[in-house]
**Student:** 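Before anything else, here's the structure in question.
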Amino acid sequence: MNLELDEERTAVRQLAKDFVDREITPHVVEWDRAEDVDRGIVKKLGALGFLGLTVEEEYGGCGGDHLSYCLVTEELGRGDSSVRGIVSVSLGLVTKTIAAYGTEDQKRHWLPRLTAGEALGCFGLTEPGTGSDAGSLTTRAVRDGGDWVINGSKMFITNGTWADVVLLFARTNDAPGHKGVSAFLVPTGTPGLTRRTIHGKLGLRGQATAELVLEDVRVPESALLGPEGKGFSIAMSALAKGRMSVAAGCVGIAQAALDAAVGYAKEREQFGRSISHYQLVQELISDIAVDVDAARLLTWRVADLIDRGQDFATAASKAKLFASEAAVRAANNALQVFGGYGYIDEYPVGKLLRDARVMTLYEGTSQIQKLIIGRALTGVSAF
Ligand code: FAD
């Protein structure tokens, strides 16, 4: 793995950094308090190519590599995890999955709009009764003539109330476990699909997390994505790459925590000197710095494996596990450096901690990542 960023990637990172500093950072407190980011951000992300980074150019993407995707995601995570999540879900989980498994018609219909930010995608796997055990989902799609009729509900769906299309996973036959699950592309305007925003989240408050209810939602045969019965493996392959994106977002959180902690420690004076003079404060800062570097290296390694066409799934679980726990630690250490000021939202570190906390939960909890890594090492599934 070459750790030096070449000119092109340095430029991509700088583009993302400038965008974050100009369009995101000045608004994060306001968006967090309002529980809503400015929705115009989606078109801006599309205009810069951030919603099509790794998609082929013929479908409106930039044809970029996964390291560039990591760099942009890190920067967005440094700015606001709510905005980072919009990209990770719409591009990472939906657009890329359509690009990988879609028919030519599905690709031509959805990809140019999704990559331009004219449409947004959401990923509907989790249900009220099935989280970690996603393969047991109960939303059902039944054939009716040339159509599919879908009934069920989905929980905690990122981008849910904003999205134009749901990549929806539903049971299409009674084969045991996950074998009967299929994937569908369901436009959110389809009659019978209702959406409710979930309020009161600890973090990611700017993000439109939703519950979806499907009552006799009718879609044509052409809405099926990939072969019938392959939906679960499609979902798992999307999530494996998605974990790299979550990990990169966590690197961004940890980097933001480091920048804030160093800046504050140099300014804040107690006992006649800036608190940066105290060894225990330096310990907090150096712990954050080590977490940033370690999380970044694990994450870039996943990008490198993907870009070289190597097996990356276990590495992605390791990166997601470590980076998410590291982001929580880093934000918590930064809050300690800020003392009481860290506890109020005029200062950035409290939000970093609230946003970081969910990273250990979604796209597979830390426990589930450990089971994936353990299975790869021992050959024994302990789920
Ligand atoms: P559970 O599965 O009920 O787990 C509860 C606890 O039990 C956890 O600690 C877990 O680690 C542990 N546990 C479960 N099984 C085992 C086991 N076998 N061994 C050891 N421990 C175990 N889902 C989507 O489909 N799309 C989205 O866009 C999306 N966005 C989300 C956004 C937010 C803000 C949140 C909070 C969630 C989102 N999710 C989304 C859902 C998320 O992926 C699930 O919350 C997650 O998979 C965990 O499921 P659960 O919450 O039902 O917890």
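This one's a predicted model, so the numbers in the text were calculated from it and none came from an experiment. For ligands, and for the atoms within them, numbers begin at 1 and follow the listed sequence.
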**Student:** Does D65 come within less than 4.0 Å of R9, counting only side-chain N to carboxylate O?
**Tutor:** yes
**Student:** Just jot down the ligand 1 atoms closer than 4.0 angstrom to any heavy atom of I157, in number order.
**Tutor:**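 In order of numbering, the contacting atoms are 24 (C), 25 (O), 26 (N), 27 (C), 28 (O).
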**Student:** Counting distance only, does the side-chain N/O of S68 pair as donor-acceptor with the main-chain N or O of G64 below 3.5 Å?
**Tutor:** no
**Student:** Could you list which atoms of ligand 1 come closer than 4.0 Å to a heavy atom of L371?
**Tutor:** 17 (C), 18 (N), 19 (N)
**Student:** Identify the residue among T188, V166, V213 that makes a side-chain contact (heavy atoms from CB on, under 4.5 Å) with R195.
**Tutor:** T188
**Student:** When you compare ligand 1 with G124, is there at least one nitrogen or oxygen pair between them that comes in under 3.5 angstrom?
**Tutor:** no
**Student:** Before accepting this row, confirm whether a basic side-chain N of the pair D80/R205 lies closer than 4.0 Å to the acidic partner's carboxylate O.
**Tutor:**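 So D80 does not pair with R205 through a salt bridge.
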**Student:** With atoms numbered from 1 as shown, which atoms in ligand 1 lie under 4.0 angstrom from a non-hydrogen atom of E363?
**Tutor:** 43 (O)
**Student:** When you check the gap from the basic side-chain N to the acidic O, do K351 and D32 get nearer than 4.0 Å?
**Tutor:**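 Salt bridge between K351 and D32, a charged N being under 4.0 Å from a carboxylate O: no.
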**Student:** Any idea which of L167, T126, L93 brings a heavy atom closest to atom 25 (O) of ligand 1?
**Tutor:**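 Nearest heavy atom to atom 25 (O) of ligand 1 lies in T126.
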**Student:** Between Y278 (side chain only) and Q270 (backbone N and O only), is there a donor and an acceptor less than 3.5 Å apart?
**Tutor:** yes
**Student:** Sorted by first residue and then second, give each salt bridge (Lys or Arg N to Asp or Glu O under 4.0 Å) pair with at least one member in residues 216-240; sequence neighbours left out.
**Tutor:**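 Listed by first then second residue: R143-E221, R143-E228, D144-R218, D147-R218.
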**Student:** For I198, does its backbone N or O pair with a side-chain atom of E211 as donor and acceptor, under 3.5 Å?
**Tutor:** no
**Student:** Which protein non-hydrogen atom lies closest to atom 16 (C) of ligand 1, naming both residue and atom, and how far is it?
**Tutor:**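 Its nearest protein heavy-atom neighbour is I368 CD1, 4.1 Å.
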**Student:** What protein heavy atom sits nearest atom 26 (N) of ligand 1, and how far away is it?
**Tutor:** F123 O, 2.8 Å
**Student:** Can you check whether V20's main-chain N or O pairs, donor with acceptor, with T25's side chain at less than 3.5 Å?
**Tutor:**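 Flag set: sc T25 to bb V20 pair under 3.5 Å.
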**Student:** Between R171 and L137, is there a donor-acceptor pair closer than 3.5 Å when you use the side chain of the first and the backbone of the second?
**Tutor:** yes
**Student:** Keeping the roles fixed (side chain from D164, backbone from L120), state whether a donor-acceptor pair exists under 3.5 Å.
**Tutor:**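 Yes; at least one donor-acceptor contact below 3.5 Å.
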**Student:** Of the protein's non-hydrogen atoms, which lies at the shortest distance from atom 36 (C) of ligand 1, and what is that distance?
**Tutor:**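 Its nearest protein heavy-atom neighbour is V358 CG2, 3.6 Å.
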**Student:** For atom 9 (O) of ligand 1, what's the nearest protein heavy-atom neighbour? Residue, atom name and distance, please.
**Tutor:**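 The protein heavy atom lying closest is Q367 OE1, 3.6 Å.
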**Student:** Any salt bridge (Lys or Arg N to Asp or Glu O under 4.0 Å) pairs touching residues 357-380, not counting sequence neighbours?
**Tutor:**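 Qualifying pairs, neighbours excluded: none.
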**Student:** Any nitrogen or oxygen of G364, side chain or backbone, less than 3.5 Å from one on ligand 1?
**Tutor:**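 No, G364 has no N/O under 3.5 Å of an N/O on ligand 1.
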**Student:** Between F156 and ligand 1, does any nitrogen or oxygen pair lie at a separation below 3.5 Å?
**Tutor:**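 Yes; the residue has a nitrogen or oxygen that sits under 3.5 Å from a nitrogen or oxygen of the ligand.
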**Student:** At a 4.0 Å threshold, what atoms of ligand 1 neighbour a non-hydrogen atom of L125?
**Tutor:** 25 (O)
**Student:** Using a heavy-atom cut-off of under 4.0 Å, does the side chain or the backbone of T158 touch ligand 1, or both, or neither?
**Tutor:** both
**Student:** Flag atom 21 (N) of ligand 1 as yes if some protein heavy-atom distance to it falls below 4.0 Å, otherwise no.
**Tutor:** yes
**Student:** Does atom 12 (C) of ligand 1 have any protein heavy atom closer than 4.0 Å?
**Tutor:** no
**Student:** Atoms of ligand 1 less than 4.0 Å from S132 heavy atoms?
**Tutor:** 1 (P), 2 (O), 4 (O), 14 (C), 15 (N), 49 (O)
**Student:** Against E23, only a single residue in K44, K43, K17 fulfils salt bridge (charged side-chain N to carboxylate O under 4.0 Å, His left out); can you say which?
**Tutor:**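 Only one of K44, K43, K17 forms a salt bridge (charged side-chain N to carboxylate O under 4.0 Å, His left out) with E23, namely K44.
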**Student:** Where's the contact between Q207 and ligand 1, heavy-atom distance under 4.0 Å: side chain, backbone, both or neither?
**Tutor:**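 Neither part.
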**Student:** With a heavy-atom distance limit of 4.0 Å, tell me whether T130 approaches ligand 1 through its side chain, its backbone, both, or neither.
**Tutor:**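 T130 to ligand 1: no contact under 4.0 Å from either part.
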**Student:** Provide, to 0.1 Å, the distance between atom 52 (O) of ligand 1 and the closest protein heavy atom, together with that atom's residue and name.
**Tutor:**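 Checked against all protein heavy atoms, atom 52 (O) of ligand 1 sits closest to G131 CA, 3.2 Å.
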**Student:** Checking contacts now, so for atom 7 (O) of ligand 1, which I'm interested in, is there any protein heavy atom under 4.0 Å?
**Tutor:**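 No; the ligand atom in question lacks any protein heavy-atom contact below 4.0 Å.
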**Student:** Of the protein's non-hydrogen atoms, which lies at the shortest distance from atom 33 (C) of ligand 1, and what is that distance?
**Tutor:** Y362 CD2, 3.7 Å
**Student:** Show which atoms of ligand 1 fall inside a sub-4.0 Å distance from at least one heavy-atom site of T365.
**Tutor:** 10 (C), 11 (O), 48 (C)
**Student:** Is the distance between the ring centroids of Y343 and F338 less than 6.0 Å?
**Tutor:** no
**Student:** Is there a nitrogen or oxygen of K201 sitting under 3.5 Å from a nitrogen or oxygen of ligand 1?
**Tutor:** no
**Student:** If you scan the protein for heavy atoms around atom 46 (C) of ligand 1, do you find one that is closer than 4.0 Å?
**Tutor:**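 Looking at atom 46 (C) of ligand 1, one finds that a protein heavy atom does lie closer than 4.0 Å.
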